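Keep in mind it's a predicted model, so treat the numbers as computed, not measured. In what follows, chains are A, B, ... by sequence order, proteins preceding strands, each numbered from 1.
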Amino acid sequence: MCGRYATSRTKVQLTEAFHVASDQADEVPRADFNVSPTKRVPIVLTSSAPDSEAEAAVRQLRLATWGITPVWMAKAGKKGRPLTNARAETIDEKPTFRRPFEQRRCLVPADGFYEWFAEAGGKQPYFFRPVDGAVLAMAGIVEWWHDPENKTLWFPTFSVITTKATDDAGKVHDRMPMTVQPDRWDAWLDPGLTDAAKVRRLMAAPAKGSLDIFPVSKAVNVSKNNGPGLVEPAEIGS
DNA sequence: CCAGACGTTGTT
DNA sequence: GTCTGG
DNA sequence: CCAGACGTTGTT
DNA sequence: GTCTGG
């Protein structure tokens with residue numbers, strides 16, 4: 001679930017939509033209709049790097065790497081892919097996710113996300129996007145990271161929280177990203193809110209009927225392919 | 001106390 | 001099968 | 001998430 | 001680092 005999505009909005013659009021002061025916005029590169037794990041993409045968060053002076057909590061738009069690599073994994077040289085998803089059902093129990101969930105949440109702006117439906121004749125990609133055209137705020141957690149061998153710069157990495165897919169979405173795939181409705185963004189991004197039970201209530205699966213779901217070209221399968229054509233409806237199998 | 005796991009997805 | 005790259 | 005590689009030596 | 005199992 002949610003291992004690929006699209007985020008094409010401009011820096012200006014994102015700062016306005018998420019009420020980020022313009023001087024708190026990182027440079028946002030070109031529109032990306034084929035975001036895959038390990039790519040750097042814009043997220044919205046309230047916090048600063050661990051080694052910076054304690055600044056006032058300010059909402060920021062920053063580029064972050066998709067996929068958390070726990071420090072213990074890097075130090076031990078353990079093999080293992082970066083963690084691109086975290087299950088909502090157990091996020092406040094897992095050692096790797098609990099602290100980030102309580103203290104370092106983020107919003108991941110998306111036009112929509114892709115899921116692959118396994119059917120006879122191969123896997124068919126589908127795109128899921130809000131019916132109303134609004135930006136989709138996926139629920140995420142942040143882990144600050146630096147290379148253990150090169151402890152100079154800290155930078156944010158993130159995972160997208162997932163849940164069981166509801167109604168129509170569940171027909172395509174059994175998991176989907178958690179989202180945060182706009183009226184809950186302030187609370188979600190509030191570092192002072194650390195009660196996991198309360199935090200949990202701020203996120204929700206996309207409401208029934210709120211997403212358009214349609215097949216797209218298999219061109220999206222190849223992660224180097226990009227462009228707005230990837231999110232246009234296409235015949236199944238094309 | 002120490003040892004050992006620590007994550008998700010999909011697929012088998 | 002399993003790992004890396006995007 | 002899917003696609004695509006999956007190796008070494010010596011030489012440039 | 002932090003949590004669970006023994």
Please report, rounded to the nearest Å, how far the [atom2] atom of [N] is from the [atom1] atom of [X].
X        : N     : atom1 : atom2 : result
A:Trp66  : B:dG7 : CH2   : C1'   : 14 Å
A:Asn85  : B:dG7 : CG    : P     : 14 Å
A:Gln103 : E:dG1 : CD    : C1'   : 13 Å
A:Trp145 : E:dG1 : CH2   : C1'   : 16 Å
A:Ile141 : B:dT8 : CD1   : P     : 9 Å
A:Gln124 : D:dC1 : CD    : C1'   : 14 Å
A:Met176 : D:dC1 : CE    : P     : 15 Å
A:Arg175 : B:dT8 : CZ    : C1'   : 9 Å

Can you tell me, in whole Å, how much space there is between the P of B:dT11 and that of D:dA3? 12 Å
Taking the six-membered ring for Trp, are A:Phe155 and A:Trp144 ring centroids under 6.0 Å apart? no
Please enumerate all protein N or O atoms sitting under 3.5 Å from an N or O of nucleotides 2-6 of chain C, with distances to 0.1 Å.
{"residue": "C:dT4", "atom": "O4", "partner": "A:Arg81", "partner atom": "NH1", "Å": "3.3"}
{"residue": "C:dG5", "atom": "O6", "partner": "A:Arg81", "partner atom": "NH2", "Å": "2.6"}
{"residue": "C:dG6", "atom": "N7", "partner": "A:Thr38", "partner atom": "OG1", "Å": "3.2"}
{"residue": "C:dG6", "atom": "O6", "partner": "A:Arg81", "partner atom": "NH2", "Å": "3.4"}
{"residue": "C:dG6", "atom": "N2", "partner": "A:Arg4", "partner atom": "NH2", "Å": "3.3"}
{"residue": "C:dG6", "atom": "N3", "partner": "A:Ser36", "partner atom": "OG", "Å": "3.3"}
{"residue": "C:dG6", "atom": "N3", "partner": "A:Ser223", "partner atom": "OG", "Å": "3.0"}

Using a 4.5 Å cut-off on heavy atoms from C-beta on, say whether the side chain of A:Ile213 contacts that of A:Val172. yes
Would you say the side chain of A:Leu45 lies within less than 4.5 Å of the side chain of A:Arg104, judging by non-hydrogen atoms? no
Determine the sole option in A:Phe128, A:Tyr5, A:Phe127, A:Phe33 for which the ring-ring contact (aromatic ring centres under 6.0 Å, His included) test with A:Tyr114 is passed. A:Phe127
Pi stacking test for A:Trp72 and B:dC6: under 5.5 Å apart, planes under 30°: yes
Of the non-hydrogen atoms in [X] and [Y], which two are nearest, and what is the gap between them?
X        : Y        : result
A:Cys106 : A:Leu189 : CA-CD2, 4.0 Å
A:Met138 : A:Cys2   : SD-SG, 3.9 Å
A:Pro42  : A:Leu61  : CB-CD1, 3.9 Å

Rounded distance [0.5 Å steps], CE in A:Met73 versus CG in A:Leu83: 5.0 Å
Determine whether a donor-acceptor pair (N or O, by modelled atom type, separation under 3.5 Å) exists between the side chain of A:Gln124 and the backbone of A:Gly237. yes
Expected output is a numbered-order residue list: members of residues 91-100 of chain A with a heavy atom under 4.0 Å from any atom of DNA chain B. What is it? A:Lys94, A:Pro95, A:Thr96, A:Phe97
Watson-Crick or G-U pairs under 3.5 Å in DNA chain B, rendered as dot-bracket with [ ] for crossing pairs and | for another strand: ||||||......
Side-chain donor-acceptor contact under 3.5 Å, A:Asn85 with A:Thr162: no
I'd like to know if the side chain of A:Asn225 pairs up with that of A:Asn34 as donor and acceptor (distance under 3.5 Å, no hydrogens or angles considered). no
